Amino acid sequence: MSYWQELEQKYFMNTVERIPVTLVRGQGARVWDEDGREYLDFVAGWAVNSLGHCHPVITEAVTEQVNTLIQVSNQFYTIPQIRLAELLVQHSCLDKVFFCNSGAEANEGAIKLARRYGKHYLNGAYEVITAMGSFHGRTLAMVAASGQSKFQQPYRPLPTGFINVEYNDIEAIKKATTNQTCAVMVEPVQGEGGVNLPDDSYLTAVRDWCDHTGILLILDEIQTGMGRIGTLFGYEQYGIEPDIMTLAKGLASGIPIGAILAKDKASVFTPGEHGSTFGGNPVACAAGYATLKFIIDNDIAQNAQGVGQYLTAGLESLRHKFQFIIEVRGRGLLVAMEFDSDIAQSVVMACLDRGLLVNRLKPNALRFMPPLIIGNEEVDEALSILDKALSSIVS
Ligand SMILES: Cc1ncc(COP(=O)(O)O)c(C=O)c1O
């Protein structure tokens, strides 16, 4: 254990099983540890570094902004947040934006917005239907929203107002809807829950049901948005539009930020009903603007789709080679590989030894979520390392 890792043990709360590497530098799709070892990064800060590490458009935007204005109160107008809001609205189906600092905070705000809508238009309805296997964040309310008992169990009793139903099952949503329901919240593709893809008709059916009953559809695009699954926003692939959408992770390519976007009809907050000291921070918004502009101008979502297909095809070839791989699934550059037993941690460590960072999604599954700017060459390199790592597991 290195000096830094010993200090971490001494001073840090024990919330994460860390991988025994201390990363000190990053560039593009690569990071380096304190001993100078290089790794190809297919974790990307958990689907955060959209443009890779230290992309010049981000470092320039951030440097210029920290030399100009770092933070003022939201009682004043600031230009970076307005520019980012305008760009988001111009390139999405939503009309209004609220900025915050993380995914969980964005989802909390989205739930508050839906409850506010319920008070205005649905006789005080406040319940939100969410899916089993979903992940919406770590705050207490978002633990209640996330349909995974491992996150809920340690914290019961949980805040009320969340009904977890089977994912990909429109009848379950219909059955759970009452006159207390104000919204349904789902991820277009479940990320943390396993890279679970819905049937093609599911989101359309959810949209139709929300229209039919007058309740709101909230899409949590915190992981799927910003080009990750091959379109700027995931909803574009399913032919629907949400009433409310949340973003975070890749929005500023590594600088902390979250956002709630809403259609005009759902944008019902009035002054003082919601807020955030750091939300809309000029530095974060300058990084967000630079990220989104680069993604749009360079069609990075299209790159994620093409390279994602190449990655998926390569992983499929490995599935044919290694019988213990039972499934490869995903969209764009959000892809999972599932094994027939709990070997994921061993594969992660075998990849690490060979210079590749991958994520253990579940005891029996890996997740690949590299920066969206990678090309087929990086995928070839990753596949070659993974092939060797998998071979070492077998032998
Ligand atoms: C779909 C989704 N929603 C919300 C969150 C929570 O985001 P944060 O960790 O920024 O609070 C995550 C994080 O993994 C996520 O994947």
Side-chain angles (χ1 to χ4, degrees), residues 13 15-17 42-50 98-114 128 130-148 150-152 155 162 164 167-168 183-198 203 206 217-229 233-235 237-238 242 244-261 276 278-281 284 287-288 291 330-336 359-362 365-370 372:
M13 289 197 195
T15 61
V16 61
E17 274 175 42
F42 270 45
V43 179
W46 285 324
V48 165
N49 306 100
S50 323
F98 174 88
F99 289 117
C100 52
N101 309 285
S102 70
E105 191 188 347
N107 284 339
E108 285 267 350
I111 298 297
K112 284 175 72 180
L113 188 58
V128 177
T130 63
M132 306 295 289
S134 61
F135 185 78
H136 298 296
R138 300 289 198 152
T139 59
L140 209 47
M142 287 311 104
V143 164
S146 302
Q148 297 196 55
K150 68 176 177 190
F151 297 124
Q152 296 184 342
Y155 302 107
F162 296 96
N164 308 145
Y167 181 57
N168 204 21
V184 174
M185 177 162 78
V186 286
E187 298 156 81
V189 172
Q190 288 189 337
E192 298 295 318
V195 188
N196 304 319
L197 303 173
L203 288 173
V206 178
L217 173 57
I218 306 171
L219 283 187
D220 176 344
E221 294 246 19
I222 285 161
Q223 191 156 150
T224 52
M226 300 304 292
R228 172 62 50 191
I229 67 167
F233 303 110
Y235 69 78
Q237 298 185 33
Y238 294 94
I244 300 174
M245 173 172 80
T246 51
L247 298 173
K249 285 195 181 282
L251 176 53
S253 204
I255 304 292
I257 191 169
I260 311 166
L261 285 79
S276 169
F278 290 114
N281 167 269
T291 302
R331 282 215 176 188
L333 284 171
L334 181 60
V335 187
N359 172 242
R360 188 194 65 146
L361 177 59
K362 295 198 276 188
L366 299 179
R367 179 172 40 166
F368 306 89
M369 44 190 164
L372 308 178

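Read the numbers this way: they start at 1 and go in the same order the structure lists the ligands and their atoms. Heavy atoms only: backbone and side chains are in, while hydrogens, waters and symmetry mates are out. The structure displayed is predicted, hence computed values, not measured ones.
- At a threshold of 4.0 Å, the pair Arg228-Glu221 does not count as salt-bridged, since none of the basic side-chain nitrogens sits closer than that to a carboxylate oxygen.
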At less than 3.5 Å, what protein N or O atoms come close to the N or O atoms of ligand 1? Include the distances to 0.1 Å.
from, atom 1, to, atom 2, distance (Å)
ligand 1, 3 (N), Phe135, O, 3.2
ligand 1, 3 (N), Asp220, OD1, 3.3
ligand 1, 3 (N), Asp220, OD2, 2.7
ligand 1, 10 (O), Gly103, N, 2.8
ligand 1, 11 (O), Gly103, N, 3.4
ligand 1, 11 (O), Ala104, N, 2.8
ligand 1, 14 (O), Glu192, OE2, 3.4
ligand 1, 14 (O), Lys249, NZ, 3.0
ligand 1, 16 (O), Gln223, NE2, 2.7

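- Annotation for Ser50 and Ser253: closest pair N-OG, 3.4 Å, computed over non-hydrogen atoms.
- Residues passing the side-chain contact (heavy atoms from CB on, under 4.5 Å) test with Ala44, sequence neighbours excluded: Asn49, Pro371.
- Qualifying side-chain contact (heavy atoms from CB on, under 4.5 Å) partners for Arg331, counting only residues two or more places apart in sequence or in other chains: Leu197, Asp200, Ile229, Gln237, Tyr238.
- Remark: side-chain polar atoms of Ser134 are paired, donor with acceptor, to backbone N or O of Gly147 under 3.5 angstrom.
- With sequence neighbours left out, Ser276 forms a side chain to side chain donor-acceptor pair (under 3.5 Å) with Asn101, Glu105.
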